Amino acid sequence: MLILGIESSCDETGAAVVEDGRTIRSNIVASQHDLHRPFGGVVPEVAARAHAERITAIVDEALAAAGCTPRDLHGIAVVNRPGLVGALLVGLSAAKGLALAWELPLVAVDHIQAHVYATELAGFSTYPHIALIVSGGHTCLYRVDVPTEMTVLGQTGDDAAGEAFDKVAKMLDLGFPGGPALSRCAEKGDGTAIAFPRCGPNEKPGDTLRFSFSGLKTAVYYRLRDHHKDAPPTEQQRADIAASFQEAACEILVEKTLAACRQTGIAAAAVGGGVACNRRLRALFAERAAREPGTPPVFFPPPALCADNAAMSAGLGWQRLRKGERDALGLDVDPTPRRAKR
Ligand code: KG4
Ligand code: ZN
């Protein structure tokens with residue numbers, strides 16, 4: 001079965017063709033970073049307009065790159081939640097129009113579940129496993145029993161990990177998008193230079209799987225306010241702050257993921273979402289596994305499947321379409337994440 005996937009939840013316009021939920025025939029992503037850079041963050045209205053301008057061409061490109069025509073497709077999968085409402089509406093409207101015109105079944109998928117599915121798409125199929133999803137809007141630990149069924153074990157009580165990276169990058173004046181800029185700057189710094197806190201104000205006592213990044217973010221703010229009020233930090237000081245923040249954020253993510261493995265007795269884990277592109281995060285998991293015997297192996301998809309893309313949506317959609325599931329053309333978007341089951 002060939003499924004066309006469409007992604008427009010934030011600032012990447014994506015279309016992809018995936019065969020039988022596992023073989024990526026094409027995966028086209030048009031980034032909007034240049035459009036949002038002057039504003040220092042994603043502007044929802046700008047994102048929606050750019051999606052509307054690009055979506056048709058991106059779908060055509062995905063079909064051409066896959067070497068197929070609309071007649072070869074068996075269904076369309078589109079992200080309808082969570083995300084920016086105007087941005088989601090563009091992708092959903094395009095998917096509905098194409099499904100109607102090409103007489104194809106349509107299914108909607110959840111963007112966060114699609115990030116989890118990216119690990120399966122990249123060849124990781126150990127179930128059950130623990131999934132850590134770290135993106136600009138979400139930081140969640142799941143127990144994943146099958147590709148379409150997952151239970152939330154823990155999530156953030158305030159900022160998402162990617163949001164903390166983006167905000168700290170902004171404080172350090174590192175440019176947009178913040179996460180990759182911060183990790184590049186951190187490469188020149190010393191991660192042990194400053195002991196930033198590993199515990200946040202919104203962690204609940206006894207709830208080791210709950211994240212809280214607001215304290216860490218504020219600690220960077222206080223560091224800049226108290227140590228650099230007269231002159232901006234030098235290049236080296238900035239790199240040390242970036243590296244020390246990154247070290248703290250990555251350690252928190254590693255600790256809680258491994259704690260979830262211990263608590264559930266599940267000895268396999270995978271990471272997805274944009275922050276999973278972070279090289280220090282990947283290295284830290286590997287260092288722990290090398291240092292501590294019995295530490296479960298942690299799988300990372302390649303960076304192109306960690307960041308927003310439509311192949312993960314097409315793959316997840318296939319899981320529903322092959323069971324005969326369909327969504328009606330009256331389907332709406334849902335900008336908020338599904339409430340956690342605990
Ligand atoms: O999954 P994603 O592409 O979009 C959302 O669903 O939010 O994640 C984007 C987030 C942004 O916050 C971005 O700064 C962060 O992922 N990110 C990184 C890196 N690459 C992207 N954070 C840290 N290090 C990176 N190398
Ligand atoms: Zn995402």
Side-chain angles (χ1 to χ4, degrees), residues 5-14 16 27 29-33 36-37 40-42 44 47 51 79-84 87-88 91 109-119 121 131-140 155-156 159-172 174-187 189 191 211 213 216-217 220 242-243 245-254 270-285 300-313 315-316 335-337:
I6 293 180
E7 151 68 41
S8 70
S9 62
C10 189
D11 60 343
E12 323 277 1
T13 316
N27 190 14
V29 179
S31 162
Q32 301 179 2
H33 290 162
H36 299 292
R37 187 166 289 116
V42 177
H51 286 310
V79 170
N80 79 326
R81 62 184 188 276
L84 302 172
L88 286 166
V109 295
D110 182 294
H111 180 69
I112 309 305
Q113 282 194 8
H115 273 304
V116 174
Y117 192 81
T119 61
L121 200 51
L132 169 71
I133 299 303
V134 269
S135 71
H138 308 275
T139 298
C140 256
Q155 55 195 328
T156 179
D159 290 356
E163 194 181 351
F165 268 88
D166 293 339
K167 287 178 177 165
V168 169
K170 209 166 189 173
M171 287 182 221
L172 293 172
L174 295 174
F176 176 87
L182 188 137
S183 75
R184 275 194 305 277
C185 175
E187 277 170 21
F211 297 89
F213 289 103
L216 172 58
K217 183 189 65 182
V220 176
F245 161 80
Q246 176 174 263
E247 199 65 18
C250 292
E251 263 181 32
I252 293 165
L253 296 172
V254 170
V271 189
V275 182
C277 297
N278 187 278
R279 295 229 286 261
R280 185 60 191 140
L281 182 64
R282 290 169 179 246
L284 212 52
F285 270 114
F300 280 84
L305 290 179
C306 292
D308 286 351
N309 68 89
M312 61 189 191
S313 316
L316 181 59
T336 51

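Start at 1 and go down the list; that is how both ligands and their atoms are numbered. Reckoned from all heavy atoms, side chains included, excluding hydrogens, waters and symmetry mates. Everything quoted here is computed from the prediction, not taken from an experiment.
Contact annotation: the side chain of Val134 never approaches that of Phe165 to less than 4.5 Å [non-hydrogen atoms, C-beta and beyond]. Contact check for Asp110 versus Tyr117: no side-chain heavy atoms found under the 4.5 Å cut-off. Within the 4.5 Å cutoff, the side chain of Glu187 has no heavy atoms near those of the Arg280 side chain. Under the 4.5 Å side-chain criterion, counting only non-hydrogen atoms from C-beta, Asp11 is in contact with His33. Considering only heavy atoms from C-beta on, Lys217 stays 4.5 Å or farther from Glu163 through its side chain. Looking at heavy atoms from C-beta onward, Asp308 lies in side-chain contact with Cys10 at the 4.5 angstrom threshold. Here the side chains of Leu305 and Asn27 are in contact, with some heavy-atom distance below 4.5 Å.
Of the N or O atoms in Gly179, one or more lie within a sub-3.5 Å distance of an N or O in ligand 1. The N/O atoms of Gly162, backbone and side chain alike, include one that comes under 3.5 Å of an N/O atom in ligand 1. Inclusion of Gly274 in the set of residues having an N or O under 3.5 Å from an N or O of ligand 1 is warranted.
When non-hydrogen atoms are compared, ligand 1 lies under 4.0 Å from the side chain of Ser183 (C-beta onward) but not from its backbone. Contacts with ligand 1 closer than 4.0 Å are made by no heavy atom of Arg279, backbone or side chain. With a 4.0 Å cut-off on non-hydrogen atoms, His138 does not touch ligand 1 at all.
Atoms of ligand 1 lying under 4.0 Å from at least one heavy atom of Ala307, given by number and element, are 3 (O). Per-residue contacts place His115 under 4.0 angstrom from the following atoms of ligand 1 (heavy atoms of the residue considered): 1 (O), 6 (O).
Looking at atom 11 (C) of ligand 1, its nearest protein heavy atom turns out to be Asp166 OD2, 3.6 Å. Scanning the protein heavy atoms around atom 24 (N) of ligand 1, the nearest turns out to be Asn278 ND2, 3.0 Å. When only non-hydrogen protein atoms are considered, atom 15 (C) of ligand 1 lies nearest to Val275 CG2, 3.9 Å. Remark: minimum distance from atom 7 (O) of ligand 1 to any protein heavy atom is reached at Gly136 N, 2.8 Å. Ranking the protein heavy atoms by distance from atom 2 (P) of ligand 1 puts Asp308 OD1, 3.3 Å first. Given atom 6 (O) of ligand 1, the protein heavy atom at minimum distance is His111 NE2, 3.1 Å.
Ring geometry for His115 against His111 counts as perpendicular: the plane angle is over 60°, on a 0 to 90° scale with 30° as the lower cut.
Other residues, nucleotides and ligands place more than 12 heavy atoms under 6.0 Å from the CZ atom of Arg37.
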Quiz prompt | Leu281 and Phe300: CA distance, side-chain angles, deciding distance, side chain to side chain contact (heavy atoms under 4.5 Å, CB included) verdict | solution = CA-CA 10 Å; Leu281 182 64; Phe300 280 84; 4.1 Å; yes
Quiz item: Under the side chain to side chain contact (heavy atoms under 4.5 Å, CB included) criterion, do Glu12 and Asn309 qualify, and how do the steps go?
Solution: CA-CA 7 Å; Glu12 323 277 1; Asn309 68 89; over 6 Å; no
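Backbone or side-chain N, O or S atoms of His111 reach the Zn ion (ligand 2) at under 2.8 Å.
With respect to the Zn ion (ligand 2), His115 has NE2 as its nearest N, O or S atom. When distances from the Zn ion (ligand 2) to the N, O or S atoms of Asp308 are compared, OD1 comes out shortest.
Put simply, part of Gly137 is less than 4.0 Å from ligand 1, judged by heavy atoms. Residue Gln246 places every heavy atom at 4.0 Å or more from ligand 1.
Considering every non-hydrogen atom in both Glu247 and Leu284, the closest pair reads OE2-CD1, 3.9 Å.
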